[in-house]
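One-based numbering along the sequence shown. Only a predicted model underlies this, so the values are computations on that prediction, with no experimental measurement involved.
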Amino acid sequence: MKQRLLTVVFAAALIGTMTGCTVNKEEKAGSTGDQVSDDRNNDTGDENEGGALEEITVVLDWTPNTNHTGLYVAQEKGYFQEAGLKAEIVQPPEDGAEVLVASGKAQFGISFQDTMMPAVTGEDALPIEAVAAVLQHNTSGIVSRKGEGIDKPKGLEGKKYATWDLDIEKAALKQVVEKDGGDFSKVELIPSTVTDEVSALQSKSVDAIWIFYGWAGIATEVAGLETDYFAFRDIDPVFDYYTPVIIGNKEWLKENPETAKAFLASVKKGYEFAIENAGEAAEILCQAAPELDEEMVLASQEYMAGQYQAEADQWGYIDPERWNAFYGWISEKGLSEAEIPENTGFTNEYLE
């Protein structure tokens, strides 16, 4: 349970760096409880030509950001309604999207291959699995002030890195530092209190931060802060894992395969629209979450347009070789309770 809670904290910490939100949705809506939905995004009508719409709940991993644009586009453009669905997008409870999806209170959610690992392995595995990749590649890496030598992992020696003190995090960092010929023991690990990467780097309270470039990296560009950056997947391909992913409730998926396919087809159309129309997609996201900074969203959206599908033949596809390579690395490093069997935790069955 302790490890499970830690992985939720890790996900929150990493994705919290992406959002840039200045208003808490619950405070904004004046609502209480574990989750909150935005009724503006659910007004797609209760019926279509074929009759009543089937209701689907999707729980986010954090507050709305450009990871989620395809979902909001699918709502705004009526793709869900055309497929006979009414999708409600909600924000997650404190224990994460995985728990809500596993409980059956949401059919789909947003998660990450690394942080969902404890939920899909071991005797107490939750009935969830990844059904689509939101981004085709891992866009996370280490950002630092430009010219301080941290343009590659070995440069972290003697520098202050803001850590969440989690096993997978530190093992990944150790591997890339050593692969670059560095000594991980010389990296100064300090507890992460970073909520704003730009401010943290400018104040020199830290020297290096793990970020997702699609938001925090773009934020440094928008702010005019010159930085150095290296991506984990560029140092070692084993770290080109899937982050984020859409997860589903395994039992519900088996019982409702056609509905699952219809949902993912609608979401696919949403992300494909965002790929081709970054500006309009950014406007749709900002309408759904007006607390977001429009300049930041547009810049992020333009970057993400090249990341949602990248070179893959279709949006959402999960490459079994890459998925298994990362979980194999986790098993090899003893970061899971037991060895993880191949093809654990994902399926491409519901993509069309």
- Of all heavy-atom pairs linking Lys159 and Gly155, the shortest is CG-O, 3.3 Å
- Message: With a 6.0 Å cut-off (strictly less than), is the heavy-atom count around CD of Glu311, excluding the residue itself, greater than 12?
- Response: yes
- Message: Using a strict threshold of under 4.0 Å (side-chain N to carboxylate O), is an ion pair present between Lys254 and Glu251?
- Response: no
- Message: If the test is side chain to side chain contact (heavy atoms under 4.5 Å, CB included), which one of Leu156, Thr163, Asp207 qualifies with Val187?
- Response: Leu156
- Do any N or O atoms from the side chain of Lys268 and from the backbone of Glu352 form a donor-acceptor pair under 3.5 angstrom? yes
- Message: On the six-membered ring of Phe230, is Lys152 placed so that its NZ or CZ lies under 6.0 angstrom from the centre and within 45° of the ring axis?
- Response: no
- Item | Hphob cluster co-occupancy, Ile56 + Leu71, side-chain heavy atoms under 4.5 angstrom | yes
- Between Lys269 and Glu82, does at least one N-O distance fall below 4.0 Å, as a salt bridge requires? yes
- Query: Would you find a donor on one side and an acceptor on the other, under 3.5 Å apart, between the side chain of Asp180 and the backbone of Gly182?
  - Reply: no
- Closest heavy-atom pair, Ala288 versus Tyr72, reported as atoms and distance to 0.1 Å, is CB-CD2, 3.5 Å
- Taking atom SG of Cys286 and atom CD of Glu294, what is their separation to the nearest 0.5 Å? 5.0 Å
- Task: Mark yes or no for whether Gln136, through its side chain, and Tyr317, through its backbone, hold a donor-acceptor pair below 3.5 Å.
- Result: yes
- Query: Does the side chain to side chain contact (heavy atoms under 4.5 Å, CB included) test come out yes or no for Tyr213 and Ile218, once each step is laid out?
  - Reply: CA-CA 6 Å; Tyr213 200 87; Ile218 297 299; 3.9 Å; yes
- Message: Could you go through Trp215 and Met304, starting from their C-alpha distance and side-chain angles, then the distance that decides it, and tell me whether this counts as side chain to side chain contact (heavy atoms under 4.5 Å, CB included)?
- Response: CA-CA 9 Å; Trp215 193 271; Met304 296 290 264; over 6 Å; no
- Item | Test item: Gln309 side-chain N/O and Gly316 main-chain N/O as donor-acceptor pair under 3.5 Å | no
- Item | Nearest non-hydrogen partners of Met117 and Ser336, listed with the distance | SD-CB, 3.8 Å
- Task: Please report the closest heavy-atom contact between Ala102 and Asn249, naming both atoms and the distance.
- Result: O-ND2, 3.3 Å
- Query: About how many Å separate OG of Ser103 and CD of Glu98, when rounded to the nearest 0.5 Å?
  - Reply: 11.5 Å
- Query: Could you walk me through whether Thr259 and Glu54 pass the side-chain hydrogen bond (donor to acceptor under 3.5 Å, both in side chains) check?
  - Reply: CA-CA 8 Å; Thr259 302; Glu54 185 168 355; 3.2 Å; yes
- Message: Just to verify, which of Asn277, Thr69, Thr66 counts as forming a side-chain hydrogen bond (donor to acceptor under 3.5 Å, both in side chains) with Gln301?
- Response: Thr69
- Query: What's the verdict on side chain to side chain contact (heavy atoms under 4.5 Å, CB included) for Thr243 and Asn138, showing C-alpha distance, side-chain angles and the deciding distance?
  - Reply: CA-CA 6 Å; Thr243 175; Asn138 179 5; 3.3 Å; yes
- Side-chain donor/acceptor of Gln107 to backbone N/O of Thr57, under 3.5 Å: yes
- Below 4.5 Å, heavy atoms only, C-beta onward: do Ser111 and Asp61 meet side chain to side chain? no
- Would a distance-only check, ignoring hydrogens and angles, find a side-chain to backbone donor-acceptor pair under 3.5 Å from Ser203 to Ser199? yes
- Task: Working to the nearest 0.5 Å, report the span between CD of Gln202 and CG of Asp196.
- Result: 8.0 Å
- Message: Tell me if a side-chain donor or acceptor on Glu169 pairs with a main-chain N or O of Trp164 at a distance below 3.5 Å.
- Response: yes
- Query: Can you check whether Val238 reaches Phe232 side chain to side chain, under 4.5 Å on heavy atoms?
  - Reply: no
- Just say parallel, tilted or perpendicular for the rings of Trp252 and Phe108, cut-offs at 30° and 60°. perpendicular
- Item | Residue pair Leu189, Asp165: steps toward the side chain to side chain contact (heavy atoms under 4.5 Å, CB included) verdict | CA-CA 8 Å; Leu189 304 178; Asp165 197 31; 5.8 Å; no
- Query: Once you round to the nearest 0.5 Å, how far does CD1 of Ile128 lie from CG of Leu253?
  - Reply: 11.0 Å
- Can you tell me if Glu157 uses its side chain to pair, donor with acceptor, with the backbone of Asp183 under 3.5 Å? yes
- side chain to side chain contact (heavy atoms under 4.5 Å, CB included) with Ile168: which of Thr115, Leu335, Leu173? Leu335
- Indicate the atoms forming the closest heavy-atom contact of Leu351 with Val131, along with that distance. CG-O, 3.7 Å
- Provide the closest heavy-atom pair for Val120 versus Thr344 in the form atom of the first, atom of the second, distance. O-CG2, 3.4 Å
- Item | Side-chain donor/acceptor of Tyr303 to backbone N/O of Leu298, under 3.5 Å | no
- Query: So does Asp228 pair up with Arg145, basic N to acidic O under 4.0 Å?
  - Reply: no
- Message: Is the terminal nitrogen or CZ of Arg322 (NZ for Lys, CZ for Arg) located under 6.0 angstrom from the six-membered ring centre of Tyr242 and within 45° of that ring's axis?
- Response: yes
- Message: Would Lys77 and Glu280 count as a salt bridge (charged side-chain N to carboxylate O under 4.0 Å, His left out) here? Give the steps.
- Response: CA-CA 11 Å; Lys77 293 293 183 180; Glu280 187 175 347; 2.6 Å; yes
- Task: State whether the side chain of Thr220 and the backbone N or O of Val198 hold a donor-acceptor pair below 3.5 Å, judged by distance alone.
- Result: no
- Message: Nearest 0.5 angstrom please: Leu292 CG to Leu285 CG, how far?
- Response: 5.5 Å
- Would you mind listing every ring pair (Phe, Tyr, Trp, His ring centres under 6.0 Å) that reaches into residues 133-152, with sequence neighbours excluded? none
- According to the interplanar angle, ranging from 0 to 90°, do the rings of Tyr241 and Phe239 count as parallel (below 30°), tilted (30 to 60°) or perpendicular (above 60°)? perpendicular
- May I have all residue pairs that pass ring pair (Phe, Tyr, Trp, His ring centres under 6.0 Å) and include part of residues 331-352, sequence neighbours excluded? Trp323-Phe346
- Query: What's the verdict on side-chain hydrogen bond (donor to acceptor under 3.5 Å, both in side chains) for Trp62 and Gln91, showing C-alpha distance, side-chain angles and the deciding distance?
  - Reply: CA-CA 6 Å; Trp62 202 250; Gln91 291 185 45; over 6 Å; no
- Item | Straight-line distance of Lys160 NZ to Ile209 CD1, nearest 0.5 Å | 11.0 Å
- Apply ring-ring contact (aromatic ring centres under 6.0 Å, His included) to Trp315 and Tyr271, showing your working. CA-CA 8 Å; Trp315 175 85; Tyr271 281 102; 4.9 Å; yes
